[in-house]
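Heads up, the thing below is written out as C-alpha cells.
First the proteins, then the strands, lettered A, B, ... as listed; each starts at 1.
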Amino acid sequence: MKALSVQHVSHAFGDHRVLHDVNLDVAAGQVVALVGPSGCGKSTLLRAILGTHPPNQGTILADGQPVRGPTRNVGIVYQHYSLYDFLTAQKNVAFGPMLDETSILYRTFCLLKWRAKRRRHLEEAVCLLEKVGLGEAIDQYPSQMSGGMRQRVAIAQALIMKPKVLLLDEPFGALDEATREELQRMLLDLYQENVQAKREGRQPPHTIVLVTHELNEAIYVADRVIGLSQFHSGGEQGATIVYDKAAPVFDTSQPKDLAALVQQREELRRIVFDPDRLQDRDEYVTFWKDEAGKMSEEGNHQ
Amino acid sequence: MIRQPIKKRTAILLGVASICLLVMVYGWLSWRQHRANPKDTTIPNLSQFVEGWKRITTTDAAGDVWILEDAAATYGRLALGLLTGVGLAVLFGMAMGCFAKAEAFCLPPLGFLAKIPPTAMLAVYFVMVGTEMKMYVAMIALGIFPTLAQAIYQAARNDVSDHALYKAYTLGASHLEVICCVVFRQILPRILESVRLQIGPAMVFLIAAEWAVADVGFGYRLRIQSRLLNMNVVYSYLIILGTTGLLMDWLLSFTRRKLCPWFGE
Ligand SMILES: Nc1ncnc2c1ncn2[C@@H]1O[C@H](COP(=O)(O)OP(=O)(O)OP(=O)(O)O)[C@@H](O)[C@H]1O
Ligand SMILES: [Mg+2]
C-alpha cells in the first residue's frame with residue numbers, strides 16, 4: 001500500500017517556477033529524507049502534501065485519498081512553533097486524540113464518558129512521552145522547556161495520531177549538535193519499530209518524510225534519500241526529483257559508522273547540490289528499480 | 001546603578017510612607033483651612049468625615065441608604081454594560097481575526113467608531129433609548145466595544161501563528177474547535193488584560209452619563225453633593241470608587257494568573 005503518492009506536481013509563485021513535475025511514491029513504513037539546495041522548494045512540496053497550500057498542478061494522494069486540506073492523515077512537525085503554549089507537555093500530546101475523537105458537544109454534554117476517555121488519552125500521552133524520552137517533564141509548559149524537549153513533545157504529539165504520513169520540516173534545524181544526534185537516534189528507534197513490525201508480518205507503524213539540510217542526518221536516519229534540485233537539464237522549469245536511492249540503515253546499538261556515509265554524501269553533493277553538473281533528471285532516480293526485486297518479494301510475503 | 005533591586009521590606013515601607021505622607025499633607029491642609037474658617041467644608045477634617053459617613057450609611061428622609069442604592073445602581077449598570085460590551089467585542093474580534101470576510105466588513109466602521117469620544121455619543125443614546133438602564137448599558141458597552149474588539153482582533157490575528165492552526169487541523173480539529181480550543185485559548189490572557197484596561201474608561205463613561213441624567217448612582221450623588229460643597233461625602237465616594245477599581249483590577253489579574261498560568265507576568 002502506498003502511504004503517499006505525489007503525481008505530476010508543479011508549482012509556481014507568479015513567474016517564479018519552483019516545482020516541476022514532481023513524482024514520488026512512498027510505501028508505508030518508509031523513512032524518506034528529502035534534501036536539496038536552499039530555496040529549491042522542499043517546504044513548498046511539504047506544504048502541498050500537508051494540504052495547506054495546494055500546488056498549481058498535479059495530484060497528491062495520502063493513503064489513497066486525494067489531499068484537499070490538512071487532515072488527521074498527514075502529521076507535521078515544524079522547525080519552530082511546534083507546540084501550544086497554553087498546554088503542558090502531556091496535554092499537548094493528548095490534544096490530538098481529544099480533537100480527533102470527540103466534539104465540543106460531546107465534551108460538554110457527555111461528561112462522564114468524556115472523563116473516562118480523557119483519562120485514557122492522558123495515559124496514552126505519558127506512554128508516548130516516555131517513548132521520546134520525556135517521562136519526567138510531562139507537567140512543564142513549552143516556555144519552560146528547551147528546544148530539544150519541545151521538538152520531542154512535538155514528535156510525540158504527531159505520533160499519537162498514528163498519521164499515514166508524518167512530515168518533518170527541518171525539525172532539528174535549530175538545535176545544537178548533541179541534542180540533534182539524540183533526536184536522530186530517537187528517529188532510528190522509530191525505524192526499528194517498523195523493522196520489527198515487518199518481521200512479525202504487521203503493518204509498519206511509521207511512514208516519515210524528513211526534510212533536512214544535513215546530508216549526514218539524511219543518510220543516517222532514513223532508509224531512502226531523495227534529492228530535490230533545480231540543477232538538472234531542464235532546470236529552468238523548476239526543481240524536480242533528481243536523486244532517489246536507498247540509504248544504508250543504521251542501528252542505534254552500534255556506534256555510528258561514518259565511512260558508510262561518506263560515499264553517498266559525496267554522490268549527493270555532486271548530483272543534487274552542484275550547479276555546474278546538469279545530468280538527465282532520471283539518471284539517479286533508481287529507488288524503485290533497485291528495490292523492485294525486494295518489493296515484489298515482500299508483496300508475495302504479505 | 002539604575003534598576004538596582006531593593007529588599008521587599010524596604011519596598012513595603014516606602015509604599016506605606018507615601019500613603020502616610022499623602023494623609024499628612026491632607027491633614028495639614030485641612031487644619032490650615034479650618035483655622036481660617038471653622039465652618040469650612042471644602043477640605044473636611046476627621047469629625048466632618050465621620051459625620052459624612054453617617055449620612056451615607058444611614059437611612060435618609062426618604063428611607064434610603066445612599067451608599068447602598070448608589071452602589072447597587074452604579075455597579076449594576078457597570079456590570080451589565082461591561083458584560084454586554086465584552087461579549088460583543090469577543091464575538092466581533094474573534095470573527096474578524098478568524099475570517100477575512102468579517103475582517104473586511106467590520107474593520108472600517110470599527111476604526112471610525114473608535115475615534116468618536118463615547119461621552120459625545122451620550123446625546124444619541126439619550127434620544128434613542130431614553131434614560132433607563134438601557135442607556136447606561138449602551139453607553140458603556142458601545143464605549144468600550146470598538147477599542148476592545150480591535151485589541152481582540154489584533155491578538156487573534158497576530159498572536160496565533162498559521163502553523164498552530166494548520167497543526168490543529170492535522171490533529172483532527174473542526175473549524176469550531178480551532179476557533180475555541182486554539183485561537184481563543186491562546187489569546188485568553190490578552191482578552192482578560194484588555195478587559196482590565198477597559199474598566200477605567202467604562203467607569204469614566206458611566207460616571208459621565210450618571211452625572212448628566214441619572215437620579216441615583218455615584219455620578220448623580222457626586223454632582224448633587226459637590227454643588228452643596230459637601231466634600232466629606234464627595235471624598236468618601238471617591239475613596240470607595242478608587243478602592244473598588246483597585247479590587248476589580250486585582251481580581252482580573254488574579255483570574256488571568258489562575259486561568260492562564262503559562263502566560264507569565
Ligand atoms: N509565499 C511565497 N511567495 C512567493 N515565493 C515563495 C513563497 N514561498 C516560497 N517562495 C519561493 O519558493 C522557493 C522555494 O521555497 P521553499 O521554502 O519551498 O524552499 P526550501 O527548499 O524549503 O528552502 P530552505 O531550505 O531554505 O527551507 C523559494 O525561492 C522562495 O523564495
Ligand atoms: Mg524550507
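The two residues A:Arg107 and B:Cys181 have their closest heavy-atom pair at NH2-SG, 3.5 Å. Contact between B:Val182 and A:Phe86 at its shortest, heavy atoms only, is O-CE2, 3.8 Å. Scanning all heavy atoms of the two residues, the minimum distance from B:Leu171 to A:Tyr84 falls at CD1-CE1, 4.2 Å. Listed here is the closest heavy atom pair of A:Leu99 and B:Glu177: O-OE1, 3.5 Å. Closest heavy-atom contact between B:Lys167 and A:Leu83: NZ-N, 4.3 Å.
Counting only heavy atoms from C-beta outward, the side chains of B:His163 and A:Ile76 never approach each other to under 4.5 Å. Two residues are said to be in side-chain contact when any heavy atoms from C-beta on lie closer than 4.5 Å; B:Thr170 and A:Pro163 fail this criterion.
When the candidates A:Phe95, A:Tyr141, A:Tyr78 are compared by the number of heavy-atom contacts under 4.5 Å with chain B, A:Tyr78 comes out ahead. Of the listed residues (A:Pro97, A:Ala154, A:Gly96, A:Ala158), the greatest number of heavy-atom pairs within a distance under 4.5 Å of chain B belongs to A:Gly96.
More than 12 heavy atoms of other shown residues, nucleotides or ligands fall within 6.0 angstrom of atom CD1 in B:Ile6. Heavy atoms of other residues, nucleotides or ligands lying less than 6.0 angstrom from CZ of A:Phe13 number more than 12. Annotation for B:Tyr75: atom OH counts as buried by contact number, over 12 foreign heavy atoms lying within 6.0 Å. Taking a 6.0 Å sphere around CZ of A:Arg72, one finds it holds more than 12 heavy atoms contributed by other residues, nucleotides or ligands. The environment of B:Met133 atom CE is dense: over 12 non-hydrogen atoms of other residues, nucleotides or ligands sit within 6.0 angstrom. No more than 12 heavy atoms of other residues, nucleotides or ligands lie within 6.0 Å of CZ in B:Phe105, so this atom counts as exposed by the packing criterion. Crowding of A:His213 atom NE2: a count of heavy atoms from other residues, nucleotides or ligands under 6.0 Å exceeding 12. Heavy-atom contacts from other residues, nucleotides or ligands closer than 6.0 Å to NZ of A:Lys2 number 12 or fewer.
B:Phe263 CZ to A:Asp85 CG: the interatomic distance, rounded to the nearest 0.5 Å, is 9.5 Å.
Neither the backbone nor the side chain of B:Val178 comes within contact range of chain A; no heavy atom of the residue lies under 4.5 Å from a heavy atom of that chain. When heavy atoms are compared at a cutoff of 4.5 Å, A:Ile160 does not approach chain B at all. Only the backbone of A:Thr71 comes within contact range of chain B, judged by heavy atoms closer than 4.5 Å. Both the backbone and the side chain of A:Gln157 come within contact range of chain B, with heavy atoms under 4.5 Å apart.
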side-chain contact (heavy atoms from CB on, under 4.5 Å) assessment of B:Tyr166 paired with A:Arg47 | CA-CA 10 Å; B:Tyr166 300 155; A:Arg47 283 196 288 265; 5.8 Å; no
